[in-house]
Engineer: 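Please find one structure pasted underneath; my questions will follow.
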Amino acid sequence: MADGWFSSLGTERVVVDVRDAQSTVAGALAIGHAILTYTAVSAEGKELRSLSNRITIGLKRSDESWKIFHEHTSAPIDQQSLKAILNYSGND
């Protein structure tokens, strides 16, 4: 699915902005979450569209490296309306 999406971009590129990133490590387990905003940019540098997504990830230490054991993505939710926020500004 990701290959199809990236190959459909043509000359566009995607800029990823990370906001509100937090992580916690407890022994051999770690969890992190952040808001990622994906912005499509034309070959000329013009911003075309963007979409925000919340990511949560769980990792477990295995030998000398960390392995992802859980990943979840969703849209941030407005607490008043309970609707998805697809263009997250951080002030919502």
Side-chain angles (χ1 to χ4, degrees):
M1 187 168 66
D3 287 339
W5 182 69
F6 281 112
S7 65
S8 74
L9 293 173
T11 60
E12 295 175 8
R13 61 189 174 93
V14 176
V15 175
V16 181
D17 179 55
V18 180
R19 296 177 124 171
D20 304 333
Q22 296 183 19
S23 62
T24 300
V25 177
L29 297 176
I31 188 133
H33 58 92
I35 301 293
L36 305 178
T37 299
Y38 303 91
T39 302
V41 179
S42 72
E44 296 76 35
K46 180 182 176 189
E47 290 186 5
L48 304 171
R49 60 194 169 279
S50 66
L51 173 71
S52 295
N53 203 311
R54 178 192 341 257
I55 185 167
T56 303
I57 192 164
L59 299 101
K60 182 177 180 182
R61 189 166 195 89
S62 176
D63 298 320
E64 295 301 313
S65 64
W66 290 91
K67 304 286 183 180
I68 298 169
F69 70 86
H70 177 78
E71 180 181 341
H72 176 78
T73 60
S74 62
I77 301 295
D78 174 67
Q79 297 301 312
Q80 298 296 323
S81 68
L82 299 180
K83 292 184 179 180
I85 303 168
L86 299 180
N87 293 298
Y88 181 75
S89 67
N91 299 320
D92 300 317

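Just so we're clear, the structure is a prediction, and the values are computed from it rather than from any experiment.
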Engineer: Minimum heavy-atom separation for R54 and A75, please, with both atom names.
Structural biologist: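 It is NH2-O, 3.9 Å.
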Engineer: Return each pair, listed once, that meets salt bridge (Lys or Arg N to Asp or Glu O under 4.0 Å) where at least one residue sits in residues 23-48; pairs must be two or more places apart or across chains.
Structural biologist: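 Output for this query is empty, none listed.
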Engineer: Are the side chains of L48 and E12 in touch, meaning some heavy atoms are under 4.5 Å apart?
Structural biologist: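 They are in side-chain contact.
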Engineer: Do Y38 and V41 belong to the same hydrophobic cluster, where Ile, Leu, Val, Met, Phe, Trp and Tyr are linked whenever their side-chain heavy atoms lie under 4.5 Å apart, directly or via other members?
Structural biologist: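 Each belongs to a different hydrophobic cluster.
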Engineer: Let me check something: do L36 and V14 share a hydrophobic cluster, defined by ILVMFWY side-chain heavy atoms less than 4.5 Å apart, either directly or through other members?
Structural biologist: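 Per the 4.5 Å side-chain linkage, L36 and V14 are co-clustered.
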Engineer: Hydrophobic clusters here meaning ILVMFWY residues chained together by side-chain heavy-atom distances under 4.5 Å, can you tell me if V18 and I57 are in one?
Structural biologist: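 Different hydrophobic clusters.
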Engineer: I need the Q22 CD to I35 CD1 distance, nearest 0.5 Å.
Structural biologist: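 Nearest 0.5 Å value for the CD-CD1 distance: 10.0 Å.
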Engineer: Atom CZ of R61 and atom CH2 of W66: how far apart are they, to the nearest 0.5 Å?
Structural biologist: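 So the gap between those two atoms works out to 5.5 Å.
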Engineer: Can you measure from NZ (K67) to NZ (K60) and round to the nearest 0.5 angstrom?
Structural biologist: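 Separation between the atoms: 12.0 Å.
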Engineer: Got a second to check how far I77's CD1 is from K83's NZ, nearest 0.5 Å?
Structural biologist: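 Rounded to the nearest 0.5 Å, the CD1-NZ separation comes out at 11.5 Å.
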Engineer: Would you kindly say whether S52 and T37 are connected by a side-chain donor-acceptor distance under 3.5 Å?
Structural biologist: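 Yes - a donor-acceptor pair under 3.5 Å links their side chains.
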Engineer: How many angstroms lie between atom CG of L29 and atom CD1 of I31, to the nearest 0.5 angstrom?
Structural biologist: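 It comes to 9.0 Å.
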Engineer: Which heavy atom of A30 sits nearest to which heavy atom of V25, and what is that distance?
Structural biologist: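 Shortest heavy-atom separation between A30 and V25 comes out as CB-CG2, 4.0 Å.
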Engineer: Report the distance from atom OG of S65 to atom CG of L59, rounding to the nearest 0.5 Å.
Structural biologist: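 If we round to the nearest 0.5 Å, S65:OG and L59:CG are 10.0 Å apart.
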Engineer: Treating N53 as the side-chain partner and S74 as the backbone partner, does any N or O pair qualify as donor plus acceptor under 3.5 Å?
Structural biologist: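 Yes, N53 side chain to S74 backbone: donor-acceptor pair under 3.5 Å.
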